[in-house]
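Down below is the structure, laid out as structure tokens.
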Amino acid sequence: MSTPALDRVLDAVLRVDANFDIHFISEPGQHWLTRITGAELPTNFVQLVHPDDAELLQRSLAAPDSFNCDLRLIKGDKEVWINLRSYLLPAARQYVFCIFDISMWKTENSALKHAAEHDALTGLPNRTFLKKTVEQWIADGIEPFCVALLDLDGFKKVNDSYGHSMGDAVLIETTRRLTKLIGPGDVMARLGGDEFVLLFADKYALAAKNALKNVLLAVARPYDTAPHNAYLGVSIGVAEYPLHGDDYSLLLKNADTAMYFSKNAGKNRCTVFTLTEENVDFSIKAAIHNGIQEGEFYMEYQPQYDMHRKLVGAESLMRWTNRTLGRVGPNQFIPIVEDAGLMPFLGKWALRYSCHQLKKFHAKAPDFVLSVNVSPVQFGGEHFDEEVLEVIRETGIDPTKLILEITESTLMNSHLKTERALARLREKGIRFSIDDFGTGFSSLSYLTRLPVSSIKIDKAFITAMGEDTPDTTSDKKLVSAMINLAHSIELKVVAEGVETEAQFAFLKAAGCNLIQGYLLGRPMSADGIERQFEASAEVAA
Ligand code: C2E
Ligand code: CA
Ligand code: CA
């Protein structure tokens, strides 16, 4: 062990007993040790060992004959990494410790590790580090968190017109601006090119989106790239864990999809990943499920007026405000709800909610009529009529003040069984209205055959009438024809989507019965409707 060759690699050889008292130190070891401990040579080895590694050392004694580990010695307030190989001398009940100083190697190794996980240009963590961090966060149960993918707008132009060194300067400057904005637990990484990622710990997507406003502003400031200033933007896509993905690659993919939405929508903006028609998947269904349970759904009421502009009723319209997706329109979520098989449940909920509200409206306006939409899926259900009657009993409303809106196609595809259900409900006083009238009928026979009391002319026809120009004449004739047809079989007519005075005037002259549209009132809360009762009571007084 004292051969010159070995001395060069071995920093110290010690012999200790079971109490770690030192009985022998090799000569090079004495020099090496005094560099650590100062002038005096230690008498016990444990005194030298970092407290966190003491247990590891104890284990070396328990090993049958040899043991190999890396541990730290303490040198003042610094640490020295050593590799320790321990060999049992059974006869003497002592141990030989062969010690290699590996501090150099440890720091070099961490420098290498740093280089492997960081981007040389900006010094930011790179893709490898990012993946590791996301996986670590998931393993640590950090929830929620957000992955925001940033792609600079206009970077290629800077690179092409001013050269790569200017491009590099822009990337460094962007890094400088953005690192100032991120919170202590957050992470900023560069994926390569002009793509960056921000990780927001413990944030829902909406909160992340809010924080990202500052990023948009920071990048929007001019970049001083002499001879001209460069103006850039940034397109951002956000995905939330676990709602939008439960692993690194799905989160990054969905953030990327959202980022492309930002690009396509005109750049320099932030989009939270949502599920559009192509990428509707399990997670939005899960969000709807949750939303139902957590009371994220509610109703609004769009007022309906007679031709003297007197408030007579309202249509109840479903609303969903989700914590991540924000407000989602019924045209977006109802098809998904239907597809997920949740519509019978949600539809029944909407009917009950609306009828409870109607009961409250009646305390102030006993003649108020409420229209509730019924999905074909609901209407075709096994016990639809029973369910409606049950809600009426439960809420105690006057059934003659309830109108169920169903679409033409629902009626045309109806079977004998559903027609009987309809007739049964009609007997109890409930009325039916044909929604979106004119958009798809091929036969009008159902109008006379079934107990329908009104039609709602689809807003597409009302919009098409537009202003007074010759090319809208035929649209007007069509609307007039619908009104006449309905009146000829004693149906009332509601026009929806009325936005202008000209449309109102025309419909009034054509004999339309009720008006619904932004001109007179947008969908509003129940309180909004009640305020209108009060306003009309004041006019009457
Ligand atoms: P809809 O039954 O045809 O409802 C009328 C839609 O037109 C509503 O949109 C309303 O806000 C909108 N609207 C009303 N007046 C105007 C106007 O003057 N201009 C314009 N541009 N739009 C106007 P909303 O609330 O987005 O509802 C969309 C559709 O979602 C509804 O169409 C209905 O088919 C469905 N829906 C809404 N609530 C429910 C519900 O509780 N159950 C079922 N099954 N379907 C519902
Ligand atoms: Ca409707
Ligand atoms: Ca409609």
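Computation of the quantities below employed the complete heavy-atom set of this structure, encompassing side-chain atoms and omitting hydrogens, waters and symmetry-equivalent molecules. Read the numbers this way: they start at 1 and go in the same order the structure lists the ligands and their atoms.
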Using a strict 4.0 Å cut-off to heavy atoms of D436, name the atoms of ligand 1 that fall inside it.
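Once the distances to D436 are compared, the set is 3 (O).
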Regarding [X] and [Y], does a basic nitrogen lie under 4.0 Å from an acidic carboxylate oxygen?
X	Y	result
R393	E386	yes
E405	R431	no
K263	D151	yes
R522	E300	no

Shortest heavy-atom approach to [atom] - which of [options]:
atom	options	result
atom 44 (N) of ligand 1	A460, G497, S375	S375
atom 25 (O) of ligand 1	E300, Q302, R319	R319
atom 26 (O) of ligand 1	S433, P330, G329	P330
atom 2 (O) of ligand 1	D435, I406, L404	D435

Take atom NZ of K348 as the centre, draw a 6.0 Å sphere, and report whether it contains more than 12 heavy atoms from other residues, nucleotides or ligands.
yes
Heavy-atom pairs closer than 4.0 Å: do any link ligand 1 to the side chain of [X], the backbone, both, or neither?
X	answer
M343	side chain
V498	backbone
K456	neither

Does the side chain of D398 come under 3.5 Å of the side chain of T400 through a donor N or O and an acceptor N or O?
yes
Classify the side-chain pair Y298/T321 by whether it contains a donor and acceptor separated by less than 3.5 Å.
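Note: Y298 and T321 side chains meet the donor-acceptor criterion.
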Salt bridge (charged side-chain N to carboxylate O under 4.0 Å, His left out) partners of D458, counting only residues at least two apart:
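Salt bridge (charged side-chain N to carboxylate O under 4.0 Å, His left out) list for D458, sorted by chain: empty.
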Ring center gap for W349 and Y353 short of 6.0 angstrom
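Ring-ring flag for W349/Y353: true, centres closer than 6.0 Å.
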Using the ring centroid of each side chain, check whether F361 and Y301 are separated by less than 6.0 Å.
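Ring centres of Y301 and F361 closer than 6.0 Å.
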How about atom 32 (O) of ligand 1: does it have a protein heavy atom within less than 4.0 Å?
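No, because not a single protein heavy atom sits under 4.0 Å from atom 32 (O) of ligand 1.
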Atom 7 (O) of ligand 1 protein-contacted (non-hydrogen atom, under 4.0 angstrom):
yes
Is S371 close enough to the Ca ion (ligand 2) to have an N, O or S atom under 3.0 Å?
no
Between [X] and ligand 1, is there a nitrogen or oxygen pair with a distance under 3.5 Å?
X	result
Q378	no
M299	no
S316	no

Within a distance under 3.0 Å of the Ca ion (ligand 3), the protein atoms of type N, O or S are D435 OD1, D436 OD1, E496 OE2
Tell me, with the steps shown, if K456 and Q516 meet side chain to side chain donor-acceptor pair (under 3.5 Å).
CA-CA 9 Å; K456 287 186 88 169; Q516 178 181 342; 2.9 Å; yes
Do you know which of L149, L191, L171 makes side chain to side chain contact (heavy atoms under 4.5 Å, CB included) with F196?
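Only one of L149, L191, L171 forms a side chain to side chain contact (heavy atoms under 4.5 Å, CB included) with F196, namely L171.
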Just checking, R309 and F504: is the charged tip under 6.0 Å from the six-membered ring centre and within 45° of the axis?
yes
Tell me, which N, O or S atom in E315 is closest to the Ca ion (ligand 2)?
OE2
